[in-house]
Asker: 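Encoded as structure tokens, here's the structure I'll be asking about.
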There are 2 protein chains.
Amino acid sequence: MALEHAILVSLLEKPGSGYELARRFERSIGYFWTATHQQIYRVLKRMVGDGWIDVREVPQQGRPDKKEYSVAGPGREALARWLREPVEPEGLRHDLAVKIRGAAFGDPAELVDEVERHRRVHAERLTHYLAGERRDFTGPEAPPALDAGQELQHAVLRGGIAYERMTLAWLDDFLATLRRIGSGRR
Amino acid sequence: MALEHAILVSLLEKPGSGYELARRFERSIGYFWTATHQQIYRVLKRMVGDGWIDVREVPQQGRPDKKEYSVAGPGREALARWLREPVEPEGLRHDLAVKIRGAAFGDPAELVDEVERHRRVHAERLTHYLAGERRDFTGPEAPPALDAGQELQHAVLRGGIAYERMTLAWLDDFLATLRRIGSGRR
DNA sequence: CCTAGCATGTAAGCTGTTACATGATTTG
DNA sequence: CAAATCATGTAACAGCTTACATGCTAGG
């Protein structure tokens with residue numbers, strides 16, 4: 001669906017190998033779109049076949065050689081087309097919400113640890129995003145003036161920060177609710 | 001992964017047919033987990049085979065007969081097991097965030113309509129959730145005292161409301177950013 | 001010496017989407 | 001009379017996940 005397009009955006013921001021793309025999908029662009037190396041290699045192959053991207057073998061010392069991919073004309077056009085196409089507004093997909101509703105048929109108290117674990121993960125992500133924001137956009141090390149691309153990246157990151165803050169508040173609400181109803185069974 | 005479990009929760013809340021489940025996945029539990037009727041029928045068949053649920057043919061007048069599914073012992077146990085298993089905290093998956101970053105390589109102004117369209121959809125969802133909250137939990141028609149299951153459903157719905165509010169603020173931020181950088185190209 | 005990181009892939013299986021297919025009844 | 005709703009399914013395909021597979025170098 002959009003993995004191709006996410007790869008195009010990432011390669012326009014900076015050309016790189018399949019491995020490097022996989023790393024980027026663990027952070028940066030990966031905050032909003034995840035992909036594993038297996039998916040990425042498969043899609044890269046197809047995109048080269050379609051003429052969307054070019055490959056260049058880059059010999060390296062001390063490391064295995066790599067293939068550096070960069071966006072070709074047809075790839076740029078494909079991205080521009082996709083930007084003009086409407087995409088579906090996406091909803092949430094939360095295992096945890098299903099679990100919370102399921103808790104009514106088990107022991108709600110047993111879910112407390114799980115919710116607290118999620119809370120820790122989201123708190124860490126928030127810290128990580130805030131550090132990235134300071135590093136790249138708001139801190140003393142950040143460039144004094146941002147170009148359009150950086151402004152947009154910052155806006156996307158602010159969205160991630162807002163999401164994590166909202167999620168933390170939501171999980172606190174869950175914990176309060178779980179504790180209020182105690183370990184009662186219905 | 002969790003479609004089986006979402007179905008178990010829904011059938012515990014109230015037994016019903018595949019068709020009825022498909023309707024519920026368009027609202028209620030579907031706010032956090034979507035599924036189409038094709039997926040649901042396929043999974044129901046498997047769950048009957050595994051002994052997780054029972055089927056009962058219900059003849060109807062004026063309507064086609066239906067198969068009513070209800071949770072069997074092994075299904076209850078499977079749900080209890082899943083509730084004890086940790087699940088991965090999920091991240092976002094937003095086409096729109098990818099598009100926003102891609103806008104730096106096209107005309108950012110072209111995205112304004114798309115973001116506004118998403119804004120309208122999310123505003124509608126928020127209105128819809130708030131109406132549901134009044135109807136089932138906070139309004140004059142709502143039950144005066146809620147049981148544990150209803151408290152948990154309400155907590156989940158509050159999460160949906162918080163998510164839509166956050167998304168609206170985020171989309172407004174996007175629009176302000178797109179307008180600030182104008183239609184400049186880099 | 002062992003672990004982590006760099007680098008690339010294949011194969012099998014499961015999940016999800018889209019399209020096709022049928023047929024009755026109710027509502028406008 | 002047409003469209004919407006109720007009700008159940010099949011088939012083909014696309015996408016994603018998990019496991020397997022290899023091999024080299026740098027650092028502790």
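Just so it is clear: chains get the letters A, B, ... in the order the sequence lines come, proteins before strands, and each one is counted from 1.
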Asker: Can you see if the side chain of A/Ser17 gets near the phosphate of C/dC6 - specifically, an N or O under 4.0 Å from OP1 or OP2?
Answerer: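 Looking at the OP1 and OP2 atoms of C/dC6, neither is under 4.0 Å from any side-chain N or O of A/Ser17.
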Asker: Starting from P on C/dC6, measure out to CG on A/Leu21 and report it in whole angstrom.
Answerer: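 Between P of C/dC6 and CG of A/Leu21: 14 Å.
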Asker: In whole angstrom, what separates B/Glu90's CD from D/dC16's C1'?
Answerer: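 After rounding, the reported distance stands at 14 Å.
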Asker: Given A/Val71 and A/Ile7, is the side-chain contact (heavy atoms from CB on, under 4.5 Å) satisfied, shown in steps?
Answerer: CA-CA 9 Å; A/Val71 179; A/Ile7 288 176; over 6 Å; no
Asker: Specify the residue among A/Arg63 and A/Thr34 whose closest nucleotide of DNA chain D lies further upstream toward the 5′ end.
Answerer: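 Residue closer to the 5' terminus by nearest nucleotide: A/Thr34.
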Asker: Atom CG of A/Asp65 and atom P of D/dT25: how far apart are they, to the nearest Å?
Answerer: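 So the CG-P distance, A/Asp65 to D/dT25, works out to 11 Å.
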Asker: Quick one: list whatever passes side chain to side chain contact (heavy atoms under 4.5 Å, CB included) with B/Tyr19, sequence neighbours left out.
Answerer: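 Checked B/Tyr19 against side chain to side chain contact (heavy atoms under 4.5 Å, CB included); matches are B/Ser17, B/Arg23, B/Tyr41.
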Asker: Take the angle between the ring planes of B/Phe137 and B/His154 and call it parallel below 30°, perpendicular above 60°, tilted in between.
Answerer: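 Parallel, since the angle between the ring planes stays under 30°.
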Asker: Phosphate oxygens OP1/OP2 of C/dG5: is one of them under 4.0 Å from a side-chain N or O of A/Arg23?
Answerer: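 Answer is no, no contact under 4.0 Å.
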Asker: State whether A/Tyr19 places a side-chain N or O below 4.0 Å from either non-bridging phosphate oxygen (OP1 or OP2) of C/dT8.
Answerer: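 Result: no.
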Asker: Would you say the side-chain atoms of B/His128 and B/Tyr31 include a donor-acceptor pair closer than 3.5 Å?
Answerer: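 Looking only at side-chain atoms, B/Tyr31 and B/His128 do form a donor-acceptor pair, the distance falling under 3.5 Å.
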Asker: For A/Pro64 and A/Thr36, find the nucleotide of DNA chain D closest to each by heavy atoms; which residue's nucleotide sits nearer the 5' end?
Answerer: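 Here A/Thr36 is the residue nearer the 5' end.
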Asker: Could you tell me if A/Arg56 and A/Ser70 have a donor-acceptor pair between their side chains, going purely by distance under 3.5 Å?
Answerer: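 Per modelled atom types, A/Ser70 and A/Arg56 side chains form no pair under 3.5 Å.
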Asker: Nearest whole Å is fine: how far is C/dT17 C1' from B/Arg93 CZ?
Answerer: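 B/Arg93 atom CZ is separated from C/dT17 atom C1' by 15 Å.
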Asker: Between B/Gln60 and D/dA7, is there a side-chain N or O to OP1/OP2 distance below 4.0 Å?
Answerer: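 Answer yes for this pair, as a side-chain N or O of B/Gln60 is under 4.0 Å from OP1 or OP2.
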Asker: Please report the distance, rounded to the nearest Å, between CH2 in A/Trp33 and C1' in D/dG15.
Answerer: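 Whole-Å distance recorded here is 11 Å.
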Asker: How long is the line joining CG of B/Leu3 and P of D/dT17, in whole Å?
Answerer: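 Whole-Å distance recorded here is 16 Å.
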Asker: Would you call the rings of B/Trp82 and B/His5 parallel, tilted or perpendicular, taking 30° and 60° as the class edges?
Answerer: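 Judged by the thresholds at 30° and 60°, the geometry between B/Trp82 and B/His5 is parallel.
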Asker: Can you pull out the residues from residues 37-53 of chain A that lie within a 4.0 Å heavy-atom distance of DNA chain C?
Answerer: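 Listed by number, they are A/His37, A/Gln38, A/Tyr41, A/Lys45.
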Asker: Please state how far atom CD in B/Glu26 lies from atom C1' in D/dA7, giving the value in whole angstrom units.
Answerer: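 My rounded result for the distance is 14 Å.
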Asker: Using atom CZ of A/Phe25 as one end and atom C1' of C/dA7 as the other, report the distance to the nearest whole Å.
Answerer: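 Taking atom C1' of C/dA7 as the reference, CZ of A/Phe25 is at 17 Å.
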Asker: Start with the C-alpha distance between A/Val9 and A/Glu13, add both sets of side-chain angles, then the distance that settles side-chain contact (heavy atoms from CB on, under 4.5 Å), and finish with yes or no.
Answerer: CA-CA 6 Å; A/Val9 170; A/Glu13 285 174 357; 3.7 Å; yes
